[in-house]
Each structure stands twice: as C-alpha cells, then as structure tokens.
Amino acid sequence: VSDPSPHDLEALLRQFQASDARELHVRTATLELFLSKDPAAPAPWGGGGGAASPTSTAAPPSLSSGAERQSEMAAPAAAAETFPEHWTILRAPYLGTFYRAPKPGEPNFVEIGEPVAAGRDLCLVEVMKLFTAVCAESAGTIRAILADDGQMVEEGQPLFAIEPAGA
Amino acid sequence: MALRRVFVANRGEIALRIVHAAQKLGIETVVGVSDADRGSAAAQLADRSVVLGPGPAAKSYLDPELVVHAARETGCDGLHPGYGFLSEREILPRLCAANGIAFVGPDADTIVALGDKLQARAMARAAGVPLVPGSDQIASAANAAKVAEEIAYPVLLKASAGGGGRGMVIAHSRAEVEAGFAKASAEAESAFGDGTLFMERFVPRARHVEVQLMGDGTGKVLHFGERDCSVQRRYQKLVEEAPSAAMPAHLCAQLHEAAVALASSVKYRGAATAEFLFDVEREEIYFIEVNARIQVEHPVSEQVTGADLVGWQLRIAGGETLDIEQADIAVSGHAIECRINAEDWQRGFVPTPGTITRWSAPDGDGIRLDTHMAEGSAIPPYYDSMVGKLIVTGADRADAIGRLTAALDAFEVEGVATTIGLHRAIVAHPDFRANTIHTRWLEQVLLPALES
C-alpha cells in the first residue's frame with residue numbers, strides 16, 4: 001500500500017464518522033492511524049501517556065480537521081502560546097464586550113471544530129451598543145475559543161485559535 | 001460620594017500624575033492605554049491597565065465610546081480626562097453621565113459654552129471681565145475691513161471654534177484684512193468644520209497671563225494665583241512661571257477678580273484656567289478664553305501655593321465642596337517650568353520619536369520632575385512629543401533661575417533629540433533674566449539669534 005495523501009485520509013475520516021464502525025486501525029509503511037468513537041479507547045500501540053486524547057498521537061496535525069472531540073476538551077481559556085505555530089490567533093481589534101451570538105438566545109456564530117471560510121463572522125465586539133462583527137481572515141477550523149461570552153476583552157486579546165485549511 | 005475607582009483616560013506624564021493624586025486619596029486607578037503604551041509608567045503604577053485599541057490616537061485615546069465603555073466595564077465610578085485628547089469634548093461628560101460615571105471636570109453644557117469663543121466672550125462681558133477691543137461675528141471681507149477701521153490696526157482675525165493658532169491671521173492694512181478674511185475662514189472651516197470668524201485688536205507686545213481656578217459647582221470659585229506663560233512658539237507654551245513677576249500688583253488683583261467672577265457666574269465645577277493678554281505698553285489686561293481642564297503647567301501653581309490641584313479635581317468630582325477660603329491660599333516663592341519635548345529644535349523642531357538610551361535627570365532641593373520617562377522608555381510616533389516637565393522652585397525669581405540653570409545643565413538625555421538645549425539658551429538670555437520678554441520674543445528674537 002502506498003502512502004495515503006492528506007486528501008485520502010480526510011475522505012477516510014468522513015467515511016468512518018458516517019459509518020457504524022466504532023474503531024478503525026490502519027497501518028502503512030510510514031503511518032499508523034487509529035480512530036475510535038470512544039474517547040477512552042486505548043491506542044493499539046500501548047498507553048504511552050497520551051490517553052487523554054486518543055486521536056492526537058495517531059493523526060498528524062494536518063489530519064485533525066475531522067477530529068472535533070479532541071479540541072472540545074481543550075480549556076477555553078488556554079494560553080495562545082500553547083497552540084501550534086502555524087495556527088492563526090484571531091485577536092480583538094479594540095477593547096469591547098465579546099459576544100458569541102448575533103443576539104441573545106440565538107445560536108452562536110461558530111463552535112469549536114467548525115470549519116470556517118475567510119470573511120465568516122465569528123463574534124461581535126460591542127462598544128457602547130455599537131456591535132461590530134469580527135471575521136475570519138482566512139479559511140480554517142476553529143480549534144479554541146479563548147474569551148468568555150459577555151466579557152470585556154482588550155485590544156490584542158486572543159479570541160479564537162484557528163487551524164488554517166490545507167496546511 | 002467620594003470616588004472609589006477612577007479611570008484615567010489619558011497617557012504620558014499626566015496619566016502618571018493622576019494615578020499619584022488618586023493613590024494619595026486612596027482611590028483605585030484603571031489606566032486605559034493604547035497598544036503602543038502597554039508598558040507605560042502609568043500602566044505599571046495603576047491598579048489595573050486595559051488596552052483600548054491600536055497606537056493611533058483616533059482608534060484609542062480619542063474614541064469617547066471606547067473610553068467610557070472601558071471605564072464602565074472595569075467598574076470605575078469616576079473618569080479623569082487629563083488634558084488634550086478628549087478633555088474638552090462635551091461628549092465625554094455626556095457619556096459618563098449616561099453610564100453613571102462621575103466626570104472629573106465641568107458638565108457638558110459648560111464645556112460647550114466655554115469652547116465657543118464668541119459665547120465665552122459674551123459670558124465674560126456679562127461678568128464684567130475686560131475684553132480686548134474687538135467684534136462679534138464677522139460676516140464678510142468688506143465687513144472685516146469696516147470693523148478693523150473701528151478697532152484700529154493691527155488687528156487679529158480669529159476662528160470662533162479655534163485654538164492653537166489655526167485660523168488666525170494678523171492684518172496691518174485694509175488689503176491684508178480682506179485677503180486674510182478668506183484665508184482664515186477657509187483654514188477654520190477645514191480645521192474645525194466652522195469658518196466663523198471674529199476680530200480683535202492685535203497687541204504687538206503682549207504677555208500671556210492666566211489664572212488657576214477651582215470651583216465646586218455651588219458658585220464658589222477660588223483662585224490659586226496667576227501664571228505667566230509668555231515664552232511661546234507658534235502659540236505653544238515652552239516655559240511657564242508663577243507668580244507673574246511682570247505685572248503690577250493692582251493689575252494682578254484685577255486679573256484674579258475677573259477670572260473668579262467669570263467662573264463663578266457659570267457655577268463652574270472643577271479645575272479651569274482663565275487666560276488673558278497683558279498689554280505691557282497700555283498696562284491693560286484682556287480676556288482670551290477659559291480652558292475647562294487641568295493644564296500642562298499646573299505644577300508651578302502647586303509649587304507656590306502648596307495645593308494638590310489634581311487631588312482637588314478628584315475630590316470635587318466625588319462630591320466634596322471647597323472647604324477652604326481664598327485667604328487660606330497664599331503664594332510664596334517662585335516656580336518655573338520647562339516643557340521638555342523630544343524634538344530637534346535645531347532642525348525645525350521636528351519630533352524625534354525613538355528610545356531613550358540615557359536619562360540622567362537633575363535632583364535636589366526645589367526640583368520637581370513630572371515625567372513618564374526613564375532609561376529605555378520608548379517615545380511612540382503617534383502622540384505629542386513632550387517627555388517631561390522640569391519644575392524648579394526658589395525663594396524668588398532670581399533664585400529660581402539660578403536653580404533652573406543648574407538643573408538644566410545637569411539634565412542629560414540620549415537616544416532622542418530634546419529641547420533641553422533650547423531651554424538652556426532661553427534661561428541664560430539677558431531678556432529672560434530681565435523679564436522683558438513677550439509672546440513673540442522666542443520667534444522674533446531668540447530663535448533668529450541662535451540660527452545666525
């Protein structure tokens with residue numbers, strides 16, 4: 001079996017998610033991949049300490065676009081410095097109050113794990129009842145939301161960690 | 001109710017000055033900074049600092065909604081605007097009032113009334129304050145020529161909404177006044193969005209004198225003596241002193257009385273400065289305007305009266321009334337302040353933003369330095385170039401000049417050009433020592449002499 005391209009792997013992930021299968025284990029000459037719908041499932045190559053995120057040790061970073069579970073576990077207030085260097089940190093353009101939804105009671109603009117296109121509105125920053133949307137600068141997947149809904153954010157404060165598409 | 005937590009809506013040395021004054025009164029401080037001022041001295045000393053926006057002032061310090069939002073969200077019950085920036089913009093007290101925050105300054109209507117020079121002139125006239133012979137609104141160039149004949153040349157055309165010398169033209173003849181009308185009107189329109197002009201007699205040899213006022217909003221207004229700020233370049237003050245050593249005592253008394261009457265007539269609340277021209281030849285004083293804020297040069301008044309003027313501002317904003325009387329305020333000694341700017345004064349006063357690599361400041365008896373700078377401090381390119389104010393106090397003017405000379409000689413700054421050298425030249429000049437200078441002395445006498 002020749003090495004799968006990232007494209008192949010993404011297709012594989014989608015099929016796995018849509019299927020009834022609970023686990024999938026693939027091994028090639030250079031890559032070993034283990035997917036499970038049970039977050040507590042141990043990887044077939046043994047403990048190794050990475051038990052809290054079963055998919056993270058198996059899948060190279062470019063593959064995690066399909067693996068929402070892993071990011072959902074990330075603490076919302078995690079420091080920006082802990083993210084991989086190629087991820088984008090979207091910051092507050094100025095001081096204001098951070099809102100995740102267009103209006104109270106409406107669904108949030110975006111959730112963790114969601115792929116977003118460039119220009120997509122991600123949140124509102126409010127200054128004296130003037131609500132301004134902050135949008136994604138480029139396409140990617142939301143990996144972390146770093147500010148709390150309804151809280152004041154300062155200029156330059158990290159709001160979202162975004163993994164660029166096709167990296 | 002006394003203020004509990006004050007928001008400092010300014011930067012530089014005045015932000016630091018406000019934090020010091022608040023701390024002395026046990027008031028917590030939150031400083032709103034721009035991205036360029038994250039590490040500023042005021043931000044470090046305050047209980048908290050919040051980053052408002054990017055470096056350019058329009059997107060941080062000059063955005064009233066942003067500033068008041070930050071004050072409210074950080075739980076402040078007071079807001080001090082400092083000087084410059086939003087300090088005399090009526091929207092700031094209005095927004096503060098709408099958000100339950102006490103504005104450290106007068107109410108919006110007072111700011112509006114005093115900010116319009118024609119309205120301020122009318123108020124001054126009503127309060128019996130002497131005005132420079134002049135006109136109300138000038139309607140046309142022909143009208144301007146007619147008014148100029150009545151006042152007698154030379155005359156000064158001024159923008160009603162103006163300040164800082166913009167929209168201002170001196171005319172010595174009918175031809176000049178007609179040409180000047182169009183020029184000043186266009187300049188005022190573009191600078192202030194209002195081309196309305198009025199005219200005053202031009203006083204060739206004038207000194208700038210002003211009175212420090214404090215009102216508590218009940219109609220009670222006290223003065224903290226006068227200042228003389230006649231060393232100016234392009235209407236910007238460089239050296240200020242208190243008291244005035246050039247004015248006869250009877251004129252000084254008239255000056256104080258007029259200033260208090262004017263502020264009292266509007267039940268002024270907070271700190272204000274009433275500015276006057278002192279016509280040296282005619283021995284007369286004329287009202288110019290009232291500035292509804294604490295001024296850069298307030299320390300010289302503090303030095304000779306012992307008052308903490310910024311402290312008084314905070315107390316009055318917290319609802320206190322003036323519990324002292326005029327007789328309790330005595331002026332003793334003489335104080336002189338030099339505004340030190342990061343400018344290359346030998347190359348057209350071009351600002352020199354950058355990093356200070358060496359900062360060796362004078363210290364000792366009678367020396368006060370109000371600054372936010374130290375070795376390693378950055379001067380961002382977005383704001384005014386003032387890096388500090390050197391204030392020296394002596395027993396009398398000669399004593400103060402002696403100490404100032406030594407202090408300026410000892411003051412060494414490297415990394416950026418500063419105006420310290422210019423101040424040395426001013427203070428050493430016989431005209432300054434003899435106190436025969438006037439508002440155009442620096443530009444007409446000293447600078448040309450230094451160039452040749």
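Here is how names work: the chains are called A, B, and so on, in the same order as the sequence lines, proteins then strands, and each is numbered from 1.
- In this structure, His69(B) contributes its side chain and Lys129(A) its backbone to no donor-acceptor pair below 3.5 Å.
- Per-residue counts of heavy-atom pairs under 4.5 Å with chain A were compared for Asp63(B), Val51(B), Thr74(B); the largest is that of Val51(B).
- Atom-to-atom distance recorded for Asp35(B):CG and Leu95(A):CG is 12.5 Å, nearest 0.5 angstrom.
- The part of Asn99(B) that comes within reach of chain A is its side chain, from C-beta onward, which places non-hydrogen atoms under 4.5 angstrom from that chain.
- Counting heavy-atom neighbours within 6.0 Å of Glu137(A) CD, excluding the residue itself, gives a total of 12 or less.
- Here the straight-line distance linking atom CD of Glu155(A) with atom CZ of Arg38(B) works out to 5.5 Å at 0.5 Å rounding.
- Looking at Gln151(A), neither its backbone nor its side chain comes within 4.5 Å of chain B, counting heavy atoms on both sides.
- Residue contact with chain A, scored on non-hydrogen atoms closer than 4.5 Å, involves the backbone and the side chain of Val68(B) alike.
- To the nearest 0.5 Å, the span separating CG on Leu130(A) from CD on Glu65(B) amounts to 7.5 Å.
- Between Pro93(A) and Pro54(B), the shortest heavy-atom distance links the atoms O-CD, 3.7 Å.
- To the nearest 0.5 Å, atoms CE (Met152(A)) and CZ (Arg72(B)) are separated by 11.0 Å.
- Of the inter-residue distances, the one linking Tyr94(A) atom OH with Leu66(B) atom CG reads 8.5 Å to the nearest 0.5 angstrom.
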